There are 2 protein chains.
Amino acid sequence: MTELPKGHPCEDCPVRPITICRRLDAVTLANLRALGTMQRLEPGQPIFHEGDPVRRVFMLASGSLKIYTLLADGRRQITGFMFPGDFLGISIDDEYAFTAEALVRSELWWFTRDAFDRFVEDNPKVERELYRLAAHELAAAQSQMVLLGRKTAAERLASFFLSLIARQELVVGEKQAEFDLPMSRLDIADYLGLTKETVSRMLAELRNRKFIRLMSQDRVQIIDRAGLQEMAAGFGE
Amino acid sequence: MTELPKGHPCEDCPVRPITICRRLDAVTLANLRALGTMQRLEPGQPIFHEGDPVRRVFMLASGSLKIYTLLADGRRQITGFMFPGDFLGISIDDEYAFTAEALVRSELWWFTRDAFDRFVEDNPKVERELYRLAAHELAAAQSQMVLLGRKTAAERLASFFLSLIARQELVVGEKQAEFDLPMSRLDIADYLGLTKETVSRMLAELRNRKFIRLMSQDRVQIIDRAGLQEMAAGFGE
DNA sequence: CGGGCACTTGATCGCCATCAAGCACTGTGG
DNA sequence: CCACAGTGCTTGATGGCGATCAAGTGCCCG
């Protein structure tokens with residue numbers, strides 16, 4: 001990555017660092033992991049802050065993280081959550097554009113940027129895979145724009161739950177009826193562009209409509225997936 | 001791109017098509033252009049619709065486009081505008097995830113997917129460049145999420161104007177004091193997650209604060225860029 | 001048990017959406 | 001040259017969704 005032709009034709013445009021955080025294939029992962037160092041994280045512990053120099057590339061092994069940006073007066077937008085297998089810190093710039101912080105006790109591997117770049121150079125398929133991963137991120141970002149720009153509070157929460165369970169099903173490899181909420185109500189709110197009170201109310205709303213059941217504070221059972229999907233897609237009722 | 005290893009490990013996850021629409025370097029462009037066909041577009045003419053099969057890759061030569069997604073009941077979110085030099089339709093999936101439509105009379109080159117893919121294979125640097133372009137898109141998408149999730153109406157418009165003029169300055173290569181608004185108030189609203197009325201009011205607000213001047217309906221002069229920047233960054237006043 | 005904290009629920013407020021004129025530019029025909 | 005639609009933008013009046021402010025509740029861990 002370091003030997004990417006710097007600038008040309010965009011060197012003066014406001015390039016900002018990028019997260020690529022979807023999964024690579026198993027073989028690549030194993031080879032890469034051999035180059036890395038493991039690190040434990042406590043809940044709330046930051047991995048890096050917005051503006052920090054980009055020195056390392058991270059891969060989450062267990063737990064979960066949040067990625068966020070702050071406005072001048074403290075308003076916060078969480079732009080993504082990360083789960084085991086996700087990559088973080090792969091960037092074409094020298095500063096992170098966001099802060100990354102552990103939600104729960106987590107483990108991650110880190111690699112120096114150089115080691116990671118060398119690995120990419122030695123594994124031609126990886127570059128292609130990285131592009132593929134970036135494409136996934138972009139598609140997700142676009143649906144999040146639709147969510148933030150045009151969906152109602154209830155629709156946002158429904159969409160969020162569906163994406164969380166889809167994600168978990170991808171990892172487990174089969175349909176699931178329940179999923180965890182490792183993040184707080186405030187984190188959910190800051191991801192969906194709402195307040196924690198509204199998240200709480202919409203949770204009650206989805207419960208009243210018999211779309212979901214709360215097994216505990218941080219575990220949700222899906223009762224009516226079709227109902228959730230209709231709501232997430234923006235059908236009136 | 002067609003020979004990207006299909007699936008593995010993401011084949012069952014909801015992959016959606018992706019736009020890559022920033023500039024490649026001049027040499028690459030010239031080589032690529034030789035493979036393409038030119039097409040003229042009238043204002044409002046669609047290039048493709050959400051759900052259409054991905055058969056071509058496009059490059060905008062002149063004019064401008066909008067990219068949007070619709071919800072079930074007709075709510076619309078514009079996820080991006082495209083300007084000369086931008087690429088469109090580069091995708092890892094077989095269906096477009098959005099609709100692309102000309103804002104004004106425009107010209108674009110198109111390439112068959114196969115021709116484009118062969119070109120990418122024959123030009124190893126291009127793959128790297130594509131990744132770089134995707135990274136730019138991702139950074140832009142993240143700031144748009146902050147805008148849509150946490151900024152006020154006035155802040156959104158200020159941010160939008162700054163990004164439009166930054167874009168134009170990138171093309172022209174020097175600082176500019178004025179820029180065009182090739183899109184309607186409704187398009188601006190659907191990009192910023194607002195209504196056309198609110199866009200109109202915030203335009204008046206920025207005018208009253210002496211941040212901008214309207215040279216005509218579709219041309220803006222920036223009077224106080226620092227003021228706009230503060231507002232866009234979310235400082236209280 | 002009890003203290004703390006996150007979450008829920010309730011009451012009120014405000015920003016922006018909605019509804020509704022009014023206005024300005026554009027083109028067209030008399 | 002002007003009447004006059006037609007269209008898109010602006011401005012005004014009102015309303016509603018979600019934010020804010022404020023209790024209340026349950027859960028976790030002492």
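Each chain gets a letter, A, B and so on, in the order the sequences are listed, and its residues count up from 1. None of these values were measured; they are calculated from a predicted model.
At a cut-off of 3.5 angstrom, the base of dT20(D) holds at least one donor-acceptor pair with the side chain of R201(A).
One can place CG of L192(A) at 12 Å from P of dG18(D), the figure rounded to the nearest angstrom. Rounded to whole Å, atom P of dT10(D) lies 12 Å from atom CG of L206(B). One can place CZ of R76(A) at 15 Å from P of dA19(D), the figure rounded to the nearest angstrom. Protein atom CD of E205(A) is 15 Å distant from nucleotide atom C1' of dT8(C), rounded to whole Å. Put simply, CG on L194(A) is 10 Å from C1' on dA19(D), counting in whole angstrom units. Counting to the nearest Å, the P atom of dC5(C) and the CG atom of L186(A) are 15 Å from each other. Atom CG of L203(B) is separated from atom P of dG8(D) by 17 Å (rounded to the nearest Å). Atom CE of M202(B) and atom P of dC15(C) are 10 Å apart (whole Å).
For the pair S184(A) and dA6(C), the criterion of a side-chain N or O lying under 4.0 Å from OP1 or OP2 is not met. In this structure, T195(B) reaches the dA17(C) phosphate: one of its side-chain N or O atoms is under 4.0 Å from OP1 or OP2. The phosphate of dC7(C) has neither OP1 nor OP2 within less than 4.0 Å of any side-chain N or O from S200(A).
Comparing R150(A) and K196(A) against DNA chain C, the residue whose closest nucleotide sits nearer the 5' end is K196(A). Residue K151(A) is the one, among K151(A) and E197(A), whose nearest nucleotide of DNA chain D lies closer to the 5' end (criterion: closest heavy atom).
Set against dT11(D), dC7(C), dT10(D), the side chain of R185(A) has dC7(C) as its closest nucleotide.
Under the 30°/60° scheme for interplanar angles, the aromatic rings of F48(A) and Y96(A) are found to lie parallel.
Side-chain atoms of T99(B) come within 3.5 Å of backbone atoms of E50(B) as a donor-acceptor pair (strictly under, hydrogens ignored).
Within a 6.0 Å sphere centred on CZ of R219(B), other residues, nucleotides and ligands contribute more than 12 heavy atoms.
A salt bridge is defined here as a Lys NZ or Arg NE, NH1 or NH2 lying under 4.0 Å from an Asp or Glu carboxylate O, and E205(A) with R209(A) meets this definition.
Counting heavy atoms from C-beta outward, F161(B) and L206(B) have side chains that approach closer than 4.5 Å.
Checking each of L192(A), I188(A), T152(A), L157(A) against M202(A) for a side chain to side chain contact (heavy atoms under 4.5 Å, CB included) leaves exactly one that passes, namely L157(A).
Within residues 214-222 of chain A, the residues approaching DNA chain C are Q217(A), by heavy-atom distance under 4.0 Å.
Heavy atoms only, all atoms of each residue included: M145(B) and A141(A) are closest at CE-CB, 3.6 Å.
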